[in-house]
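What follows is a set of notes on a single structure, which appears directly below.
Predicted, not measured: the structure shown is a model, and the values here were computed from it.
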Amino acid sequence: MQASPITLVGRYVIDAVQIINSFSTFVYFVIIIAVVTAVLLYVIVEALQLNPFGRFAHYARQPGNELLRHMRSSRFYYPLKRALGFDPAILMLLIATALVCFVASWIIGYLTLLLSGLGSSLLAIGGGEVLTGIWRLTGVILLSVIFYLMALMTVVFVNWLFGLFGRVAYLALERIGPLLRIFEFGGIFTGWSFLILWIALYLAAGAVQFIFFLR
């Protein structure tokens with residue numbers, strides 16, 4: 001019996017999830033190699049005292065210099081410098097790289113979860129289980145909204161720590177600003193709206209997964 005078009009699309013989506021999972025490690029590897037290469041080129045150019053106006057020196061040091069500039073503009077830079085007694089810019093950059101890899105893994109994890117839910121919804125609909133498919137698809141839509149809000153908050157958090165994603169972080173903060181004001185309860189909870197909103201979204205995501213995917 002020939003599979004319906006909806007079933008075929010569902011299978012393609014499930015296959016896409018497997019491909020994304022297979023290449024996820026490669027994404028982290030590329031991020032780490034790119035940052036380490038940029039820093040090494042910057043250090044080499046500085047150590048050799050090459051002419052900063054030369055073509056090679058300019059393009060070799062620019063990526064690393066830009067990354068380190070973001071670290072030195074962070075609100076944590078000077079406190080860490082006083083506490084450690086040395087320039088912590090490279091150390092902060094390595095921590096930021098690890099955090100970006102963690103964020104990337106979190107985003108890929110949620111993406112594969114959404115695609116798996118979408119694929120299983122289509123397979124259910126194509127297999128005649130229309131109500132089950134619509135139920136799961138509703139969960140996918142709800143998770144997509146939650147994931148979008150959490151992604152915006154993550155960008156704002158990374159910008160707050162390391163000064164990265166400046167323009168994108170500003171736009172993200174504009175989007176979630178109204179929600180943050182809702183969770184500003186005052187009193188002992190003053191200033192905790194960001195954390196409270198994150199916990200609320202995290203719990204909402206868990207509830208959606210339990211209700212729409214696990215039952």
Side-chain angles (χ1 to χ4, degrees), residues 1-32 98-160 164-165 168-185 189 192-215:
M1 181 177 179
Q2 188 176 6
S4 67
I6 295 179
T7 301
L8 291 176
V9 173
R11 290 174 181 173
Y12 291 146
V13 173
I14 297 298
D15 291 341
V17 171
Q18 296 176 353
I19 294 173
I20 292 173
N21 285 328
S22 300
F23 283 93
S24 59
T25 304
F26 177 73
V27 174
Y28 316 140
F29 180 77
V30 169
I31 293 173
I32 294 172
L99 182 59
V100 169
C101 288
F102 173 77
V103 170
S105 69
W106 175 77
I107 291 175
I108 291 173
Y110 258 100
L111 177 62
T112 55
L113 174 63
L114 292 174
L115 290 177
S116 297
L118 177 61
S120 64
S121 302
L122 295 175
L123 289 176
I125 294 173
E129 301 178 18
V130 179
L131 292 180
T132 299
I134 294 176
W135 181 257
R136 292 177 181 173
L137 187 60
T138 303
V140 170
I141 295 172
L142 293 175
L143 272 182
S144 299
V145 175
I146 297 171
F147 169 63
Y148 170 71
L149 294 174
M150 295 180 76
L152 293 179
M153 296 185 69
T154 302
V155 171
V156 173
F157 180 69
V158 173
N159 174 263
W160 179 75
L164 300 173
F165 315 129
V168 177
Y170 175 78
L171 296 175
L173 185 59
E174 280 192 332
R175 291 286 185 179
I176 64 173
L179 286 175
L180 291 175
R181 286 191 288 272
I182 291 175
F183 286 91
E184 188 61 69
F185 298 123
F189 297 104
W192 289 82
S193 60
F194 195 92
L195 179 60
I196 295 172
L197 176 57
W198 178 270
I199 293 174
L201 291 174
Y202 181 80
L203 293 176
V208 170
Q209 291 180 60
F210 175 75
I211 293 173
F212 290 92
F213 294 149
L214 300 182
R215 297 190 65 177

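Taking OG1 from Thr132 and CD1 from Ile125, the interatomic distance works out to 9.5 Å, rounded to the nearest 0.5 Å. Considering CG of Leu137 and CZ of Phe212, their distance stands at 10.5 Å, rounded to 0.5 Å. How far CG of Asp15 is from CD1 of Ile20: 11.0 Å, rounded to the nearest 0.5 Å. Remark: Ile146 CD1 to Gln209 CD distance equals 8.5 Å, nearest 0.5 Å. Atom CD1 of Ile107 and atom CE of Met150 lie 11.0 Å apart (nearest 0.5 Å). Thr138 OG1 to Ile211 CD1: the interatomic distance, rounded to the nearest 0.5 Å, is 12.0 Å.
For Leu123, the side-chain contact (heavy atoms from CB on, under 4.5 Å) partners two or more places apart in sequence, or in a different chain, are Thr7, Arg11, Ile14. Partners of Tyr12 under the side chain to side chain donor-acceptor pair (under 3.5 Å) rule, at least two apart in sequence or in another chain, do not exist in this structure.
Evaluated for a ring-ring contact (aromatic ring centres under 6.0 Å, His included) with Trp106, the options Phe157, Tyr202, Phe147 yield exactly one hit, Phe147.
In this structure, the side chains of Leu180 and Leu173 come closer than 4.5 Å at one or more pairs of heavy atoms. Side-chain atoms of Thr154 and Trp198, non-hydrogen and from C-beta on, do get closer than 4.5 Å to each other.
Contact detail for Cys101 and Ile32: the closest heavy-atom pair is SG-CG1, 3.8 Å.
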request  = Evaluate the criterion side chain to side chain contact (heavy atoms under 4.5 Å, CB included) for residue pair Leu149 and Arg175; output intermediate values, then yes/no.
outcome  = CA-CA 9 Å; Leu149 294 174; Arg175 291 286 185 179; over 6 Å; no
Identify every side-chain donor-acceptor pair in residues 110-119 under 3.5 Å, counting partners at least two apart or on other chains, and give the distances.
from, atom 1, to, atom 2, distance (Å)
Thr112, OG1, Ile108, O, 3.0
Thr112, OG1, Gly109, O, 2.8
Ser116, OG, Thr112, O, 2.7

